J.: 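Dropping a structure here in structure tokens format, bear with me for questions.
Because the structure is predicted, anything quoted here is derived from the model rather than measured. We name chains A, B, ... by the order of the sequence lines, and we start the count at 1 in each one.
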Amino acid sequence: MKPEGFPRYCRIRRRPEFLRVQGRGTRVHTRHFLVFATRRRSQANSGDGTRGDELAPTRIGVTVTRKVGNAVRRNRIKRLVREAFRRRRSDFPPGWDMVWIAKRGATEVVFSDVLSGMHVVSRKLGDRRR
RNA sequence: CGAGGAGGAAAAGGUGAUCGCGGCGUCGCUUGCACGGCGUCGAGGAAAGUCCGGGCUCCACAGGGCAGGGUGCUGGCGCAGGCCAGUCGGGGUGACUCGAAGGAAAGUGCCACAGAGAACAGACCGCCUGUGUUCGCACAGGUAAGGGUGAAACGGUGUGGUAAGAGCGCACCGGGGACCUGGCGACAGGGACCGCAUGGUAAACCCCAUCUGGAGCAAGGCCGAGUAGGGAUAGAUCCAACCUUCGGGGAGGAUCAGGGGCUGCCCGUCCCGUCCCGGGUAGAGCUGCGUAGAAGAAUGAUCAUCACCUGGGGGAGGCAACGAACUCAGGGACAGAACCCGGCUUACGACCUCUCUCGGCCG
RNA sequence: UGGGGCGUCGGCAAGUGGUAAGCCAUCGGUUUUUGGUACCGACAUUCGUAGGUUCGAUCCCUACCGCCCCAG
């Protein structure tokens with residue numbers, strides 16, 4: 001697999017999964033985002049026999065509501081978050097699910113802001129793991 | 001040079017590098033999923049608003065009418081509330097632009113306040129005549145010029161006329177208007193004659209003309225666990241005399257034919273199990289679905305460089321208005337396909353092209 | 001996708017062709033030693049925006065803007 005790729009299985013795609021992470025995850029605030037994170041349940045990946053001993057990959061989901069901006073701005077925010085996660089995926093410990101929710105001022109965000117936010121979140125998750 | 005008007009074209013500015021994303025095809029690899037390599041395709045003029053219409057799909061339907069709803073100058077085209085050309089009216093110095101622009105003698109409603117009077121007119125202050133008079137005025141009649149109110153007062157101005165006045169007469173203006181001319185038509189021009197005869201509102205009800213089934217891709221079709229429901233629970237498989245229209249039929253035989261309750265056994269009945277049935281739910285299932293195309297929804301990020309625009313500096317050139325090279329700073333809009341298509345509306349920085357108008361400066 | 005509703009002072013809101021009620025809040029005053037209460041007074045240039053119909057528009061019509069709800 002590509003070292004900086006971003007395949008489908010690294011994304012959270014079902015609404016119940018989003019609700020699970022937002023309901024019981026730990027919160028991290030950045031300037032433009034509210035981040036929920038929780039550990040993935042173990043049986044989610046146990047069906048695959050070949051890599052059963054490995055930890056599941058960390059996944060991400062992005063929520064941008066219509067209050068943040070029009071469709072172009074919402075799309076751009078989601079792309080920036082996904083791009084930053086793709087670049088910094090090796091910094092995160094495995095086995096986590098994250099949901100990034102854009103705050104109201106996230107329209108003015110630039111790529112370096114998202115990168116620094118990724119740094120903050122990955123360090124907090126690493127601390128919690130030890 | 002500046003400011004505008006109309007039509008058209010085009011609009012993530014171009015190129016490169018690195019890392020990525022979605023669909024399809026192909027190979028690794030083995031049938032699928034997943035992963036990796038390669039190839040190829042991958043947002044707009046408005047994709048937006050959802051204001052109209054069509055395709056497509058399902059439902060309803062003999063035929064006709066009413067009701068309801070839409071539209072409303074004329075001609076042409078169109079499936080369309082659209083487009084093109086014209087008429088009339090409003091706006092603009094102009095190029096040009098905007099207009100739900102049918103009907104008020106078919107009927108009904110409404111026109112607040114003010115005002116005498118607001119719709120088959122009427123008389124408050126006035127003016128005039130007559131009578132009476134306590135000389136303040138009162139009554140009867142005529143009149144509608146003047147005052148006042150209002151958005152609107154039943155033609156306007158002038159003059160003659162009169163007791164005072166009045167289209168009562170006349171001149172001009174306005175209005176109606178048989179008819180004539182031009183035009184397919186809306187309409188335009190003229191107009192004998194009529195003293196003038198009927199205010200507004202239909203984006204109030206309404207009348208007239210014309211059009212009009214209802215719902216929508218979450219339409220519709222297909223697959224379909226589980227649960228509930230209905231049915232079956234005694235036959236199934238194999239061998240085979242014999243008959244045969246050679247397709248088949250078939251006495252007979254062998255093996256296997258679940259468990260439990262009522263009840264010890266048989267019948268019966270009930271429950272569980274097994275098998276079958278059709279409808280249908282979850283399954284963001286498959287399809288509908290596209291030479292972009294899903295169902296957390298792809299087309300991106302960073303860097304370099306070139307070009308463009310705006311402002312400042314700069315000054316080649318030019319009689320002048322003006323202004324090239326170079327340099328510094330800033331900028332690149334509106335906006336993201338979700339069944340497809342046509343039209344409309346709205347948002348929008350800069351550029352290109354054609355044409356026109358107005359203004360300023362210089363020669 | 002289809003359908004419906006709302007927008008009026010800082011807040012809650014009435015008014016639905018005739019020139020914008022009321023309550024709370026705010027401000028000023030009276031009463032009180034002071035505060036509260038009570039009373040009096042003030043408080044809408046444009047009724048979301050822009051056009052239109054009308055003598056006259058919050059009201060009627062059209063187009064936009066924003067918010068909310070319903071059905072599958």
Side-chain angles (χ1 to χ4, degrees):
Chain A
M1 174 183 148
K2 298 175 188 174
E4 292 189 345
F6 183 48
R8 271 250 166 101
Y9 65 80
C10 289
R11 306 178 191 173
I12 299 174
R13 296 173 66 196
R14 299 295 167 94
R15 179 166 171 80
E17 294 174 342
F18 273 86
L19 293 178
R20 184 178 65 86
V21 174
Q22 293 171 27
R24 59 177 92 152
T26 61
R27 297 192 219 177
V28 180
H29 282 274
T30 70
R31 181 177 169 78
H32 298 289
F33 296 94
L34 169 60
V35 183
F36 290 91
T38 186
R39 277 183 206 263
R40 191 116 61 101
R41 283 177 296 184
S42 58
Q43 72 265 20
N45 206 22
S46 63
D48 197 348
T50 57
R51 56 183 73 164
D53 51 341
E54 296 178 8
L55 275 165
T58 290
R59 302 190 299 175
I60 193 169
V62 189
T63 296
V64 188
T65 65
R66 234 178 64 225
K67 292 181 180 178
V68 176
N70 59 23
V72 171
R73 297 172 201 275
R74 298 201 304 269
N75 233 339
R76 176 168 177 79
I77 290 167
K78 288 195 271 189
R79 283 167 179 161
L80 285 174
V81 171
R82 285 200 294 254
E83 177 74 9
F85 177 66
R86 182 177 71 80
R87 295 272 181 181
R88 294 286 183 267
R89 198 150 60 90
S90 57
D91 296 352
F92 285 89
W96 288 82
D97 277 351
M98 289 188 296
V99 172
W100 286 55
I101 298 175
K103 294 181 181 175
R104 207 174 270 261
T107 308
E108 289 83 19
V109 75
V110 296
F111 186 61
S112 57
D113 296 340
V114 188
L115 281 181
S116 60
M118 282 286 162
H119 181 65
V120 169
V121 174
S122 66
R123 208 174 49 196
K124 287 205 174 180
L125 292 187
D127 290 348
R128 185 158 307 238
R129 200 180 169 213
R130 289 186 196 103

J.: Is the base of B:rG45 syn or anti, if syn means a glycosidic angle within 90° of 0?
T.: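 B:rG45: syn.
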J.: Check the distance between B:rG22's C1' and A:R82's CZ and give it to me in whole angstrom.
T.: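 The distance from CZ of A:R82 to C1' of B:rG22 comes to 11 Å, rounded to the nearest Å.
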J.: To the nearest Å, how far apart are A:M98 CE and B:rG296 P?
T.: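 Rounded to the whole Å, the gap is 19 Å.
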J.: Using purine N1 to pyrimidine N3 plus N6-O4 or O6-N4 for Watson-Crick, or N1-O2 and O6-N3 for G-U wobble, both under 3.5 Å, which nucleotide pairs with C:rU31?
T.: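 Matched C:rU31 with nothing under the 3.5 Å cut-off.
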J.: So which one's nearest nucleotide on RNA chain B is more toward 5', A:V110 or A:T63?
T.: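 Whichever sits nearer the 5' end wins; that is A:T63.
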J.: From the set B:rA335, B:rA297, B:rA301, return the single nucleotide nearest to any side-chain atom of A:R87.
T.: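 Out of B:rA335, B:rA297, B:rA301, the nucleotide with an atom closest to A:R87's side chain is B:rA301.
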J.: Between B:rA307 and B:rU15, how far apart are the C1' atoms? Round to whole Å, please.
T.: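 Nearest-Å result for B:rU15 against B:rA307 at atom C1': 11 Å.
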J.: Is the shortest side-chain heavy-atom distance between A:D113 and A:H32 below 4.5 Å?
T.: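 Side-chain contact under 4.5 Å: yes.
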J.: Report the distance from atom CZ of A:R86 to atom C1' of B:rG300, rounded to the nearest whole Å.
T.: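 In whole Å, B:rG300 C1' lies 9 Å from A:R86 CZ.
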J.: Looking only at side-chain atoms of A:F111, point me to the closest of B:rC19, B:rG336, B:rU302.
T.: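 Selected nucleotide: B:rU302.
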J.: Within 90° of 0 counts as syn, otherwise anti: where does B:rG20 fall?
T.: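 It is anti.
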J.: If you take all heavy atoms of A:A37 and A:L125, which pair is closest and at what distance?
T.: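 Here A:A37 and A:L125 meet closest at CB-CD2, 3.8 Å.
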J.: Nearest whole angstrom, please: distance from the C1' of B:rA333 to the CZ of A:R73.
T.: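 Result: 11 Å.
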J.: Taking the P atom of each, how far is B:rA101 from B:rU74, in whole Å?
T.: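 Between the two P atoms, the distance is 13 Å.
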J.: Any N or O donor-acceptor pair linking the side chain of A:E83 to the base of B:rG300 at under 3.5 Å?
T.: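 Such a pair exists between side chain and base.
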J.: Please tabulate, for the side chains in residues 70-78 of chain A, all donor-acceptor contacts under 3.5 angstrom to protein atoms that are two or more places apart in sequence or on a different chain.
T.:
| residue | atom | partner | partner atom | Å |
| --- | --- | --- | --- | --- |
| A:N70 | OD1 | A:V72 | N | 3.3 |
| A:N70 | OD1 | A:R73 | N | 3.1 |
| A:R74 | NH1 | A:G69 | O | 3.0 |

J.: Both distances under 3.5 Å, Watson-Crick or G-U wobble: report the partner of B:rU15, or none.
T.: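 In the structure as shown, B:rU15 has B:rA304 as its Watson-Crick or wobble partner.
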J.: Apply the syn/anti split at 90° from 0 to B:rG231 and say which one it is.
T.: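 Classified anti.
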J.: Once you apply the 3.5 Å cut-off to both distances, tell me the Watson-Crick or G-U wobble partner of B:rC238, or none.
T.: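 In the structure as shown, B:rC238 has B:rG253 as its Watson-Crick or wobble partner.
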J.: Within this structure, what is the CG-NZ distance for the pair A:L34 and A:K103, rounded to the nearest 0.5 Å?
T.: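 Atom-to-atom, A:L34:CG and A:K103:NZ are 6.0 Å apart.
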J.: Determine whether a donor-acceptor pair (N or O, by modelled atom type, separation under 3.5 Å) exists between the side chain of A:T58 and the backbone of A:P93.
T.: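 Yes: the side chain of A:T58 pairs with the backbone of A:P93.
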J.: Tell which nucleotide pairs with B:rU159, taking only Watson-Crick or G-U wobble pairs whose two distances are both under 3.5 angstrom.
T.: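 B:rU159 is paired with B:rG169.
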J.: Would you say B:rU299 has OP1 or OP2 under 4.0 Å from some side-chain N or O of A:R79?
T.: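 Checking A:R79 against B:rU299: at least one side-chain N or O falls below 4.0 Å of OP1 or OP2.
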J.: Send over the distance from A:F85 CZ to B:rC21 C1', rounded to a whole Å.
T.: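 In whole Å, B:rC21 C1' lies 15 Å from A:F85 CZ.
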J.: Determine whether a donor-acceptor pair (N or O, by modelled atom type, separation under 3.5 Å) exists between the side chain of A:K124 and the backbone of A:R27.
T.: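 The answer is no, because no donor-acceptor pair under 3.5 Å joins these two groups.
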J.: Counting only Watson-Crick or G-U wobble pairs whose two distances fall under 3.5 Å, which nucleotide matches B:rA112?
T.: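 Base-paired to nothing in any strand shown.
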J.: Measuring only the P atom in each nucleotide, how far is B:rC319 from B:rC354? A whole number of Å is fine.
T.: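 Nearest-Å result for B:rC319 against B:rC354 at atom P: 29 Å.
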J.: Taking the side chain of A:L80 as its heavy atoms from C-beta onward, which of B:rA335, B:rA301, B:rG300 lies nearest to it?
T.: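 Output: B:rA301.
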J.: Say you pick atom C1' in B:rC113 and the same atom in B:rA209; how far apart are they, in whole Å?
T.: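 B:rC113 and B:rA209 have their C1' atoms separated by 42 Å.
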J.: For nucleotides C:rG22 and C:rG41, find the distance between their P atoms and express it as a whole number of Å.
T.: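 Straight-line distance between the two P atoms is 11 Å.
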J.: Figure out the CE/P separation between A:M118 and B:rA301, and round it to whole Å.
T.: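 One finds 15 Å between P of B:rA301 and CE of A:M118, rounded.
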J.: Regarding A:R74, tell me which of base, sugar-phosphate or nothing describes its non-hydrogen contacts under 4.0 Å with the strands shown.
T.: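 No contact.
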J.: Quote, to the nearest angstrom, the C1' distance that separates B:rC334 from B:rG39.
T.: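 Those two atoms are separated by 37 Å.
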J.: If C:rU1 has a Watson-Crick or G-U wobble mate with both distances under 3.5 Å, name it; if not, just say none.
T.: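 Pairing partner: C:rA71.
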J.: Could you measure between the two P atoms, the one in B:rU212 and the one in B:rC358, and give it in whole Å?
T.: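 Straight-line distance between the two P atoms is 50 Å.
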J.: Would you classify B:rA43 as syn or anti? Syn applies when the glycosidic angle is within 90° of 0.
T.: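 Base orientation relative to the sugar is syn.
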J.: Apply side-chain contact (heavy atoms from CB on, under 4.5 Å) to residues A:M118 and A:I60 and explain how you reach the verdict.
T.: CA-CA 11 Å; A:M118 282 286 162; A:I60 193 169; 3.9 Å; yes
J.: Take atom CG of A:N75 and atom C1' of B:rG300, then tell me their distance rounded to the nearest Å.
T.: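 About 10 Å, once rounded to whole Å.
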J.: Just name whichever nucleotide pairs with B:rC127, Watson-Crick or G-U, keeping both distances under 3.5 Å, else none.
T.: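 In the structure as shown, B:rC127 has B:rG142 as its Watson-Crick or wobble partner.
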J.: Now, which nucleotide makes the Watson-Crick or G-U wobble pair with C:rU26, with each of the two distances under 3.5 Å?
T.: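 Pair assignment: C:rU26 / C:rA42.
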J.: Starting at atom CG of A:L115, determine the distance to atom P of B:rC303, rounded to an integer number of angstrom.
T.: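 Whole-Å distance recorded here is 11 Å.
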J.: In terms of the nearest nucleotide of RNA chain B, which residue is placed more toward the 5' end: A:N70 or A:V62?
T.: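 The residue whose closest nucleotide sits nearer the 5' end is A:V62.
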J.: Should B:rG247 be called syn or anti, with syn set as within 90° of 0?
T.: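 Glycosidic conformation of B:rG247: syn.
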J.: Would you say A:R76 places a side-chain N or O within less than 4.0 Å of OP1 or OP2 belonging to B:rA12?
T.: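 It does not, given that no N or O in the side chain of A:R76 lies less than 4.0 Å from OP1 or OP2 of B:rA12.
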J.: Decide side-chain contact (heavy atoms from CB on, under 4.5 Å) for A:F92 and A:V121; before the verdict, give the C-alpha distance in whole Å, the side-chain angles of both, and the deciding distance to 0.1 Å.
T.: CA-CA 9 Å; A:F92 285 89; A:V121 174; 4.0 Å; yes
J.: Taking atom C1' in both B:rG130 and B:rG109, what distance in whole Å separates the two?
T.: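 Here B:rG130 and B:rG109 have their C1' atoms 48 Å from each other.
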